[in-house]
Number of protein chains: 2
Amino acid sequence: MGTTQLESVPEPKYWHLRTVLSEALDSDFAVGEILPNERDLAARFGVARATLRQALEQLELEGRLQRRRGVGTTVAPPRTAVSVSTAQHDWPGAPGDAWQTADATAAVPPTAVARLFDAATGEEMHTVRRTRVAHGQAVAAELLYVPVGSVPELSAIDVPSGPARGRAVLRELQRLELEGQERAVELGSARADDAKELDRLPGAPVLVVTTRYFAGGRTAAVSVATYRADTCRLTFGDSVDVEINHPGQQRQAS
Amino acid sequence: MGTTQLESVPEPKYWHLRTVLSEALDSDFAVGEILPNERDLAARFGVARATLRQALEQLELEGRLQRRRGVGTTVAPPRTAVSVSTAQHDWPGAPGDAWQTADATAAVPPTAVARLFDAATGEEMHTVRRTRVAHGQAVAAELLYVPVGSVPELSAIDVPSGPARGRAVLRELQRLELEGQERAVELGSARADDAKELDRLPGAPVLVVTTRYFAGGRTAAVSVATYRADTCRLTFGDSVDVEINHPGQQRQAS
DNA sequence: CAGTGGTCTAGACCACCGG
DNA sequence: CGGTGGTCTAGACCACTGC
């Protein structure tokens, strides 16, 4: 097929397996269907279970499969498109921004985050935890860092830690004039707390979206959002919900 | 420390190893430094090599390490910021867009790409291969699909396959009025051809950036760009080159 | 409880790089 | 050539899910 010519140096078994399985998924399986268990599959293809697992790992990374301990391996639906840039010029927490405020405390941000603020040190900040849900599933966990100086009207003593305080911080942010924002996307692995929130194992691949919010000539807030890389496709701009990336169409099993 | 309390259910060895190694990288190693080989490291930590490798894999995924067969494992520099949205309203191939045109042929796009064009079928399209280089390293490979109908002035017979044809396609695109574009980012694994171009093994994690270009009321072109996920951080908006994501600062070894 | 995926081991061989 | 990371095996045990 196409460029699949004779290979003098054969590709790794797990890679070949991945391809074979991928084609099988396209043609013989329906979304949600359960695959045979790993031991059976490995035996069927004449490879060790570890090798079979390496192939499954690839397919899971590509969003084709979903594996759950104690349950089995199922065919994943197409990735859900998650809009990241709607309301390009809105603060987090603006009306209808798809995030649910979970909690807020005061904490010292990791140094990597602190470095995004101008002249930042070990300063304590408002730290708001939020969750994003799509199709009834948690797809992202966010930590929003807001220096106390950015929301001077809010006295930390007034509002105890908890969801109410998170909402208060967000409310105060809306009062500022947002001068711009700056986004970056990179690959990461879920830390223990995020993994739990996303119903994944620690180390699961995530897309880390870091956003700096500018106001008053400086960085007024920083958001670090981790999206499930296996189930999400981040869209920028006014996106239509079109499936991409999968080489073939999902078909119904006969 | 901090929340690292007693764990009734211990975390996996490889995850703990990842953390230990990560901290060691922060404090005891300089960028570019070579780590002890895997067999020695495994022995030193009293684990099987496979377990050690699982930890290294995590760190490589996070952009902390770089492994090269036959050479060794080195400490990776901070990810390079790669701007994805410069010239938000320019066609690909606009002056100074950081891409190098490599080649162009006529080919039928994969069905997943074809679906992004309105009413597309097995139609042949101009297919331009481009490469993006940053800091002397290939960081991304792109396939740009342009329906023949989008660039009517260009007769395929005129220009034989090759770089010249790629430049011709891009030149014709500039003549159209770009009405908008739509981007999506998702995780993928490098296909064999992309992997080769990016100097990685097949299956290496990549960030797939899919862009639809609109002109004349329809999709005039689609670009599928795969960025090395280990070494790149995609930036949107006018980004400054600030390091993020790494919990600690890179320090010089004593 | 049985069955699933997740972790871990000890060892072997291969592909690649550099001297 | 020796040393590196990459692949693969066969087996064991653990953690979780659902019945």
Side-chain angles (χ1 to χ4, degrees), chain A residues 7-19 21 32-61 64-76 189-190 192 195-196 199-205 230, chain B residues 7-19 21 32-61 64-76 189-190 192 195-196 199-205 230:
Chain A
E7 37 191 5
S8 52
V9 178
E11 55 194 357
K13 270 190 191 177
Y14 78 90
W15 184 254
H16 183 242
L17 242 186
R18 182 210 79 109
T19 307
L21 285 172
E33 200 169 337
I34 303 182
L35 270 63
N37 71 55
E38 298 183 347
R39 290 163 180 86
D40 284 355
L41 275 180
R44 181 176 315 188
F45 287 103
V47 299
R49 189 176 158 221
T51 305
L52 186 268
R53 276 181 61 80
Q54 214 173 341
L56 294 184
E57 229 157 82
Q58 285 284 340
L59 291 168
E60 191 179 28
L61 202 79
R64 308 290 312 274
L65 292 180
Q66 215 163 324
R67 299 192 285 176
R68 272 174 305 171
R69 170 155 46 178
V71 179
T73 302
T74 57
V75 181
S189 48
K196 191 175 178 185
D199 189 30
R200 301 258 63 198
L201 295 170
D230 54 344
Chain B
E7 36 191 5
S8 53
V9 178
E11 55 194 356
K13 269 191 192 177
Y14 78 90
W15 183 253
H16 183 243
L17 242 185
R18 183 210 79 106
T19 307
L21 286 171
E33 201 170 334
I34 303 182
L35 269 64
N37 71 56
E38 299 183 348
R39 290 163 181 86
D40 283 355
L41 275 180
R44 182 176 315 186
F45 287 102
V47 299
R49 191 177 156 219
T51 305
L52 185 271
R53 277 181 61 79
Q54 214 173 340
L56 294 184
E57 229 156 82
Q58 286 284 342
L59 291 168
E60 191 180 28
L61 203 78
R64 308 289 314 272
L65 292 180
Q66 214 164 323
R67 299 191 286 177
R68 272 174 305 171
R69 169 152 51 175
V71 179
T73 302
T74 58
V75 181
S189 48
K196 191 177 178 184
D199 190 30
R200 301 256 65 197
L201 295 170
D230 54 344

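Below, chains carry the letters A, B, ... as their sequence lines are ordered, and counting in each starts from 1.
The distance from atom NZ of K196(B) to atom P of dC16(C) is 12 Å, rounded to the nearest whole Å. I34(A) places its CD1 atom 10 Å from the P atom of dT4(C), with the value rounded to the nearest Å. Rounded to whole angstrom, the span from the CG atom of L35(A) across to the P atom of dT4(C) amounts to 12 Å.
The side-chain heavy atoms of L41(A) and L35(A), taken from C-beta on, include a pair separated by under 4.5 Å. Between L56(A) and L21(A), some side-chain heavy-atom pair lies under the 4.5 Å cut-off.
OP1 or OP2 of dT4(C) sits under 4.0 Å from a side-chain N or O of N37(A). T73(B) has a side-chain polar atom (N or O) that falls below the 4.0 Å cut-off from OP1 or OP2 of dG5(D).
Residues passing the side chain to side chain contact (heavy atoms under 4.5 Å, CB included) test with E60(B), sequence neighbours excluded: R67(B), R200(B). Under the salt bridge (charged side-chain N to carboxylate O under 4.0 Å, His left out) criterion, R49(A) pairs with E38(A), sequence neighbours left out. By the side chain to side chain contact (heavy atoms under 4.5 Å, CB included) test, D199(B) is found to be paired with no residue, residues two or more places apart in sequence or in another chain being considered.
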Polar atoms only, N or O, under 3.5 Å: list the protein pairs with nucleotides 6-10 of chain C and their distances.
{"unit_1": "dG6(C)", "atom_1": "OP2", "unit_2": "R53(A)", "atom_2": "NH1", "d": "2.7"}
{"unit_1": "dG6(C)", "atom_1": "OP2", "unit_2": "R53(A)", "atom_2": "NH2", "d": "3.3"}
{"unit_1": "dG6(C)", "atom_1": "OP2", "unit_2": "R67(A)", "atom_2": "NH1", "d": "3.4"}
{"unit_1": "dG6(C)", "atom_1": "N7", "unit_2": "R49(A)", "atom_2": "NH2", "d": "2.8"}
{"unit_1": "dG6(C)", "atom_1": "O6", "unit_2": "R49(A)", "atom_2": "NH1", "d": "3.0"}
{"unit_1": "dT7(C)", "atom_1": "OP1", "unit_2": "Y14(B)", "atom_2": "OH", "d": "3.0"}
{"unit_1": "dC8(C)", "atom_1": "OP1", "unit_2": "K13(B)", "atom_2": "N", "d": "2.2"}
{"unit_1": "dC8(C)", "atom_1": "OP2", "unit_2": "Y14(B)", "atom_2": "N", "d": "3.2"}
{"unit_1": "dT9(C)", "atom_1": "OP1", "unit_2": "K13(B)", "atom_2": "NZ", "d": "2.9"}
{"unit_1": "dT9(C)", "atom_1": "OP2", "unit_2": "A48(B)", "atom_2": "N", "d": "2.8"}
{"unit_1": "dT9(C)", "atom_1": "OP2", "unit_2": "T51(B)", "atom_2": "OG1", "d": "2.4"}

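Nearest heavy-atom pair, P205(B) versus L61(A), reported as atom, atom and distance to 0.1 Å: CB-CD2, 4.5 Å.
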